[in-house]
Protein chains: 2
Amino acid sequence: MLTDRQLLILQVIIDDFIRSGQPVGSRTLSKKEEITFSSATIRNEMADLEELGYIEKTHVSSGRVPSEKGYRYYVDHLLSPQRLTHEDIAKIKSIFAERIYELEKVVQKSAQILSDLTNYTSIVLGPAVKDNKLKQIQIIPLNKETAVAIIVTDTGHVENRVITIPASINPSDLEKMVNILNERLIGVPLVDLKDKIYKEVANVLRAHIRNYDSMLKTISDTLDLQPAEKMFFGGKTNMLSQPEFNDIEKVRSIMTVIEQEKDFYNLLRKHNKQGIQVTIGKENQLRGMENCSLITATYSVGEKQLGTIAVLGPTRMEYSRVITILNRVASDLSTVLTQWYQNN
Amino acid sequence: MLTDRQLLILQVIIDDFIRSGQPVGSRTLSKKEEITFSSATIRNEMADLEELGYIEKTHVSSGRVPSEKGYRYYVDHLLSPQRLTHEDIAKIKSIFAERIYELEKVVQKSAQILSDLTNYTSIVLGPAVKDNKLKQIQIIPLNKETAVAIIVTDTGHVENRVITIPASINPSDLEKMVNILNERLIGVPLVDLKDKIYKEVANVLRAHIRNYDSMLKTISDTLDLQPAEKMFFGGKTNMLSQPEFNDIEKVRSIMTVIEQEKDFYNLLRKHNKQGIQVTIGKENQLRGMENCSLITATYSVGEKQLGTIAVLGPTRMEYSRVITILNRVASDLSTVLTQWYQNN
DNA sequence: GTTAGCACTCATAGACATCGAGTGCTAAAT
DNA sequence: ATTTAGCACTCGATGTCTATGAGTGCTAAC
């Protein structure tokens, strides 16, 4: 196990490196207030810390740099709690300043503020729509063959899709069918719609509508769209300001990861544990994220977890500050959203 | 005016520079097939071309590089027509392969294919919704205070917004009002809605609904949302592969322009002349686009111009190829969309 | 156990030489 | 009157060398 002195040294090294971005040497360390012993002692301790894998040298006679293991230990045990300034808090509050009742806009604004506050890239995974409950189905004919199907959920989310209407269905049938669907399906979570249609609604339709089967297929396909949570980004270009990304290749690799939304989305989806989750460097399975750390938190309405907010930065990230900010934003977001949407 | 020989030299210089990205010297030129005279002659001609401002040196004894004036002349007079390969054409056709009737998806796919084909960044300005005609208005109550207002247009586009309902309005009033709105407003272009409401619908409402004024305000505000055309991007990271952007600062400036969507959107809006429009380097008024060229074309349904497709690349762009591709995509897009939507 | 001292390492930066692609100019060739 | 060969010159790029200095590990003294 590490001695107290080793822990102190590890902490100071990481703190200093996060601040400066430069390898930290024994002399620099010995000048710090917290450090009461000489550079030679530090050198000995650093040699041990290196042997244990917590720090690394960039070359034989360079100062030390935290390894991923070092960051991991730091994040798990050595974080010094941060206090947010009044400005920071004001900015966070400003997410909810305008009484915008649209979830998406609040979420988008959160992403923007988050990147503002941290100077890193932020990602917010919008509310999962699939658990929303159906409020209303509408089918609005556009012309003979096509119509717009609209689904409204209890949170006010609207999904829509253009569908083609089988020629065998006439307008009055269509209307009748929509009525039946609404009677039977309101309150059902979107994710269960398709199931419910085949199990419970199909035979009702059969009783009332000619050629119901051609339509049934169309409808169930339409309702089957499991809309993915939208991703909102903030400060995509902030990465470019980080000194570790002065190499164009590194920029490209990380930018490509971000733009390649699908994989990144799946990665975020996995980060759905309550509380703060930190993955450092190669812990991120995604190719191209080796030099990055990802910190995530979740937000919810009442007990129901809604989505994820995240900050992406270099492994040399201000973990303390970012974690504090994420915690705060997540909790404020949850509080406000619960207030708005709880009583439906 | 330029002599034929000067034009030839200018063209070959620009062609070669676009291909290689390297300053072109007299010796390199003299080895080209098209060039029958010696390097010394070329040097004399190049000195003249430089004096006239069509080409520049990067330093005293370097080869020549096209100036913006040179590119401008090249684009206006020297483009050698390109033929698209079968693969290129197949890719363009693939935009319409799946019978996706949703305009937005087609447009998004166009952006992706466009960046695929060119290796630059593409931007497609989605169909302008404001000229669409109203097909139906719906207001769906969510709970006591809020409701979703939904507007469907004749092209199948759906706009929605959460609104708060004044306490003084009861559900049956709401329904009555929606009916009135639909009776009076169907077929009206979205852009004219607000006007029409105040001029023609307000007094009808007054006759039928108590407290109509508190609701009128809400409604007209809602309908007033002039939804901006959406921008779809393709290949945002393609810029990073361009050798002229190996400087992180240049990358940052251009990325910031793109991410800062608003200004860029306004810029694109101005590019609404029929046909191909090319702006080179500083001709682009936007700060940060000095090293870029933008090529745009428009697409339409029937006679009605719908939106803009664009390719953004370094000033050293393959103008010929990009223009050919843009022309093709724009015309295919127009043809297909006209086919789909003409007969409404 | 701690620290002073010292030899050693290596990235970084500046000075300097070399190379080569390119130029402009002049004088000869066409 | 053009065109071209020849030549001196420029300057970015590349490579070598040398100092500098921040850093290390190790040893011996405290």
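Reminder, nothing fancy here: chain letters follow the sequence lines and each chain counts from 1. Note that the structure is a prediction, hence the values are computed from the model and not measured.
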State whether B/R321 and B/D88 are salt-bridged, where the test is any N-O pair (Lys NZ or Arg NE/NH1/NH2 against Asp/Glu carboxylate O) under 4.0 Å.
yes

Any B/R5 side-chain nitrogen or oxygen under 4.0 Å from OP1 or OP2 of D/dT3:
yes

Side-chain donor-acceptor pair present, B/N238, B/T121, cut-off under 3.5 Å
no

For D/dG23, does either OP1 or OP2 sit under 4.0 Å from a side-chain N or O belonging to A/T28?
yes

To the nearest angstrom, how far is B/I13 atom CD1 from C/dT23 atom P?
9 Å

Check the pair A/D16 / A/R19 against salt bridge (charged side-chain N to carboxylate O under 4.0 Å, His left out), numbers first and verdict last.
CA-CA 5 Å; A/D16 190 81; A/R19 201 181 39 73; 2.7 Å; yes

Contact under 4.0 Å: A/K57 side-chain N or O vs C/dA11 OP1/OP2
no

Checking D/dA5, D/dT24, D/dC11 against the side chain of B/A40 (C-beta onward), the nearest is D/dA5

A/E51 atom CD is separated from D/dT24 atom C1', nearest whole Å, by 15 Å

Between D/dT10, D/dT24, C/dG24, which nucleotide has the shortest distance from any of its atoms to the side chain of A/R64?
D/dT24

Integer-rounded Å distance: C/dT23 P and B/E50 CD
10 Å

Phosphate-side-chain proximity, A/S62 and D/dG23, N/O vs OP1/OP2 below 4.0 Å:
no

Examine the side chains of B/S38 and B/T41 and answer whether a donor and an acceptor come within less than 3.5 Å of each other.
yes

Distance test, side-chain N/O of A/T41 to OP1/OP2 of C/dT3, below 4.0 Å:
yes

Integer-rounded Å distance: C/dC25 P and B/N44 CG
9 Å

Figure out the CD/P separation between A/E45 and D/dC26, and round it to whole Å.
15 Å

Can you tell me which nucleotide in C/dC10, D/dT4, C/dG5 comes closest to the side chain of A/R43?
C/dG5

Using only heavy-atom distances, decide whether a donor-acceptor pair under 3.5 angstrom links the side-chain of B/R27 to the base of C/dG22.
no

Does a side-chain N-to-carboxylate-O contact under 4.0 Å join A/E244 and A/K250?
no

From the set D/dT4, D/dT24, C/dC10, return the single nucleotide nearest to any side-chain atom of A/M46.
D/dT24

What are the two closest non-hydrogen atoms of A/I55 and A/M46, and how far apart are they?
CD1-O, 3.6 Å

Between D/dC11, C/dG24, D/dC26, which one does the side chain of B/A47 approach most closely?
C/dG24

Looking only at the side chain of B/S61 (C-beta and beyond, no hydrogens), which of the listed nucleotides C/dA4, C/dT23, D/dT24 gets closest?
C/dT23

Between CZ of B/F37 and C1' of D/dA5 the distance, given in whole Å, is 17 Å

Could you give the CD1-to-C1' distance, from A/I42 to C/dA4, as a whole number of Å?
14 Å

Residue whose nearest DNA chain D nucleotide is more 5′ - B/H59 or B/T36:
B/T36

Which nucleotide in the list D/dT10, C/dC10, D/dG23 gets nearest to the side chain of B/V60?
D/dT10

What is the separation between atom CG on A/L29 and atom C1' on D/dT24, rounded to the nearest whole Å?
13 Å

